[in-house]
Amino acid sequence: MSERLPQGFFAEDPTVVAPRLLGKLVVHRRRAARIVEVEAYRGVGDPASHAARGPTPRNATMFGPPGRWYVYFTYGMHWCANLVCGPEGEAGAVLLRAAAPVRGVAAMRAARATARRDVELCQGPARLCVALGIDGSLDGTDAVSGRAVVVDDGVAGPEQPVTTPRIGISRGTDLLWRWTVPDDPHLSRRR
DNA sequence: ACCGGGATGTTCT
DNA sequence: GAACATCCCGGTG
């Protein structure tokens, strides 16, 4: 059975929370997917973070309390989903980059008509949002007890997650702040 | 398989 | 204007 995450799960630094999210389930609209790939973004001080230059209207949620969804719009057409982590005001977050479909697969296929194989349904941060029906209306909502939640269903994450540089960024590329389940077929591809 | 380019709009220089 | 935590499609090998 799925259990709510303990209070304080998201209170630690995003680089600590990120690997712990591997193996957890994202649940929304009767669909569920197991997280296999994440990236940590620190707030001010991380040049790749949306919060690097302080608060703006877009990143306001990042500066709020941990455990909430930060959902942003990019490239004129894509939503991406993060979990706010760390002390309030530090604007840390973990980006969900890929997941393995677990429940509601038919609904995911309907939402992701261009996916040719089920392995592609949540393979990438924007694809994951489409498959699960996540959009900007979720921004700022509670990820422990709200409409969309992250839960622990008792399946252990990897003992030794793989760490790599983050994908799709032009600054902070030296930091190994991407964590993946080793050799999982649902990982996003490029580099 | 790999690559290049277009889509589309918000944010920032 | 340019960049952007992306994806899709159509070219070529």
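So that the names make sense, note that chain A is the first sequence line, chain B the second, and so on, each numbered from 1.
Remark: P of C:dA5 and CG of A:D46 are 11 Å apart, rounded to the nearest angstrom. Note: NE2 (A:H78) to C1' (B:dG6) measures 11 Å, nearest angstrom. In this entry the distance linking CD of A:E39 with C1' of C:dT6 reads 12 Å, nearest Å. At whole-Å resolution of the value, CH2 in A:W179 and C1' in C:dA5 are 14 Å apart. Rounded to a whole Å, the CG atom of A:L128 is 17 Å from the P atom of C:dA5. Between A:F73 atom CZ and C:dT6 atom C1' there is a gap of 11 Å when expressed in whole angstrom units. Following rounding to the nearest Å, A:W79 (CH2) and B:dT10 (P) show an atom-to-atom distance of 9 Å. In this structure, the CD1 atom of A:I167 is 16 Å from the P atom of C:dC4, given to the nearest Å.
Between C:dC7 and A:T114, no contact under 4.0 Å exists linking OP1 or OP2 to a side-chain N or O. Taking side-chain N and O atoms only, A:R112 has a distance below 4.0 Å to OP1 or OP2 of C:dC8. Side-chain N/O atoms of A:H50 include one lying less than 4.0 angstrom from OP1 or OP2 on C:dA5. Close to C:dC4, at under 4.0 Å from its OP1 or OP2, lies a side-chain N or O of A:S170.
Taking OG of A:S49 as the reference point, atom CG of A:L95 lies at 11.0 Å (rounded to 0.5 Å). Note that CG of A:L128 is 12.0 Å distant from NE2 of A:H28, once rounded to the nearest 0.5 Å.
Taking atom P in both B:dG6 and C:dA2, the straight-line distance is 15 Å, to the nearest Å. Taking the C1' atoms as reference points, B:dC3 lies 22 Å from C:dA5, given to the whole Å.
Every residue meeting the ring-ring contact (aromatic ring centres under 6.0 Å, His included) condition with A:F73, not counting sequence neighbours, appears here in chain and number order: A:W79.
Taking only side-chain atoms of A:C80, from C-beta outward, the nucleotide of C:dC8, C:dT6, B:dA7 with the closest atom is C:dT6. Looking at the side chain of A:Y70, the nearest of the listed nucleotides C:dC9, C:dA5, B:dA7 is C:dA5. Closest to the side chain of A:R53, out of B:dT13, C:dA5, C:dC7, is B:dT13. Between C:dC7, B:dC12, C:dT6, one nucleotide has an atom nearer to the side chain of A:R127 than all others, and that is C:dC7.
An aromatic stack links A:Y41 and the base of C:dA5, using centre distance under 5.5 Å and interplanar angle under 30°.
Heavy atoms from other residues, nucleotides or ligands lying under 6.0 Å from CG of A:D183 number 12 at most.
Across all strands, A:A126 comes closer than 4.0 Å only to sugar-phosphate atoms, never to a base (heavy-atom distances). Residue A:R171 is classed as a sugar-phosphate contact, given heavy-atom separations below 4.0 Å to backbone atoms only. Base contact: A:L95 has a heavy atom under 4.0 Å from a base atom.
A side chain to side chain donor-acceptor pair (under 3.5 Å) with A:S137 is found for one member of A:D139, A:D135, A:T141 and no other, namely A:D135.
Ion pairing between a basic and an acidic side chain is recognised when a charged N comes within 4.0 Å of a carboxylate O; A:R34 and A:D153 show such pairing. Between A:R127 and A:E120 there is no salt bridge, since no side-chain N of the basic residue sits under 4.0 Å from a carboxylate O of the acidic one.
Within the cation-pi definition used here (under 6.0 Å to the ring centroid, within 45° of the axis), A:R166 qualifies as a partner of A:Y41.
With pairs defined as Watson-Crick or G-U wobble and both atom distances under 3.5 Å, the stems of at least three pairs that touch DNA chain B come out as B:1-7 with C:6-12, B:9-12 with C:1-4.
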>> If you apply the rule side chain to side chain contact (heavy atoms under 4.5 Å, CB included), what do you find for A:N59 with A:Y72, and how did you get there?
In response: CA-CA 8 Å; A:N59 66 23; A:Y72 69 89; over 6 Å; no
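Residue A:Y75 places no side-chain atom within donor-acceptor reach of the base of B:dA7, judged by atom type and a 3.5 Å distance cut-off alone.
Taking for each of A:A48 and A:A115 the nucleotide of DNA chain C with the nearest heavy atom, the 5'-most of the two is the partner of A:A48.
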